[in-house]
Amino acid sequence: IGLGLICNTISFLIFRFHGEFKASSLMVYLSFVTVTDTLSLFVWNLDNFLISNFNIQVETINEPICHLSSFLQYFSLESSALVLSMATIDRYFTVISIPGSFASQLPFRTNKSALFWSLAILILISLINLHVLIFPRLKKPTLIGFTCNVYTTGFKLLPTWEKVHLIIFSLIPFILMTLFNGLLIKDALMTNSLSNRNSKSNQKKRRVTISLVLVTAFFILM
């Protein structure tokens, strides 16, 4: 948690304020990923440490924290995965785009479009998980507080919502990243870059693209 917090903060500052990165739409996506990834470090991950050492579970401290922590965990994980997926899509259309082509007409490649897509994903994920904040929970005393996922209504979110979460966090990003990583490798790294590999600007674009492919490939593997 400490290492992730420090490194994500440094990464965010580099992505947003380093001169070479300010004009890159990819860095806008990655800036959002550093924030959502930092949020995902807490709650479930933090529980592993707190329960073992202090017999404390974050979401069982009180009912408002139960609502907020559950929402935050779903929101952060799903947002990170989908924003990173959108970064891969954006990178592909950025690399293959030439003036007048179909790809150049799509809403990608600019900082403004990257900001729009990132915010749209955050809003969408917030709305999808809004019910986690709304449905009442029943306080059921336990040794470490109360059980967070016991409901006062007949309808229960879990375990059904865990399956929905798996689709949003894992299946959809897996399909998108696998598809567009394959296209990046085929059309961008192995074809388009070969003709102008000696160009300094193309070398830089190639390094950035390879970096993104590696990041998303490790995400897919995990």
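Atoms considered below: every heavy atom in the structure, side chains included; atoms not considered: hydrogens, waters and symmetry mates.
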Within 6.0 Å of CG in L3, more than 12 heavy atoms from elsewhere: no
Would you call Q73 and S70 a side-chain contact if the rule is heavy atoms closer than 4.5 Å? no
Taking atom CE of M27 and atom CG of N111, what is their separation to the nearest 0.5 Å? 10.5 Å
So do the side chains of W161 and N129 get within less than 4.5 Å of each other, counting heavy atoms only? yes
Side chain to side chain contact (heavy atoms under 4.5 Å, CB included) between L26 and F15, worked out: CA-CA 9 Å; L26 176 60; F15 294 153; over 6 Å; no
Would you call the rings of W117 and F108 parallel, tilted or perpendicular, taking 30° and 60° as the class edges? parallel
Just checking, is any N or O donor in the side chain of S80 or T36 under 3.5 Å from an acceptor N or O on the other one? yes
Taking atom NE2 of H131 and atom CZ of F71, what is their separation to the nearest 0.5 Å? 9.5 Å
Measure the spacing between CG of D37 and SG of C7 and express it to the nearest 0.5 Å. 12.0 Å
Identify each donor-acceptor pair in which a side-chain atom of residues 41-51 lies under 3.5 Å from a protein atom, sequence neighbours left out, and give them as a table.
from, atom 1, to, atom 2, distance (Å)
N45, ND2, L41, O, 3.2
D47, OD1, V58, N, 2.8

So do the side chains of R91 and V213 get within less than 4.5 Å of each other, counting heavy atoms only? no
Name the atoms and distances for all side-chain donor-acceptor pairs under 3.5 Å in residues 83-90, with sequence neighbours left out.
from, atom 1, to, atom 2, distance (Å)
S85, OG, A81, O, 2.8
T88, OG1, L84, O, 3.1
D90, OD1, S25, OG, 2.7
D90, OD1, T94, OG1, 3.3
D90, OD2, Y29, OH, 3.4
D90, OD2, R109, N, 3.0

Do T110 and S113 make a side-chain contact, defined as non-hydrogen atoms from C-beta onward lying under 4.5 Å apart? yes
Nearest 0.5 Å, please: how far is CD1 in I6 from OG in S11? 11.5 Å
Side chain to side chain contact (heavy atoms under 4.5 Å, CB included) between L115 and F32: does it pass, once the steps are laid out? CA-CA 9 Å; L115 180 62; F32 277 92; 3.7 Å; yes
Side chains of residues 167-184: which donor-acceptor pairs under 3.5 Å do they make with residues two or more places apart or in other chains?
from, atom 1, to, atom 2, distance (Å)
T178, OG1, F174, O, 2.6
N181, OD1, T216, OG1, 3.0
N181, ND2, M177, O, 3.4
N181, ND2, T216, OG1, 2.8

Which heavy atom in V132 sits nearest to a heavy atom in H67, and how many Å separate them? O-ND1, 3.1 Å
Do the side chains of L77 and H165 get nearer than 4.5 Å, heavy atoms only? yes
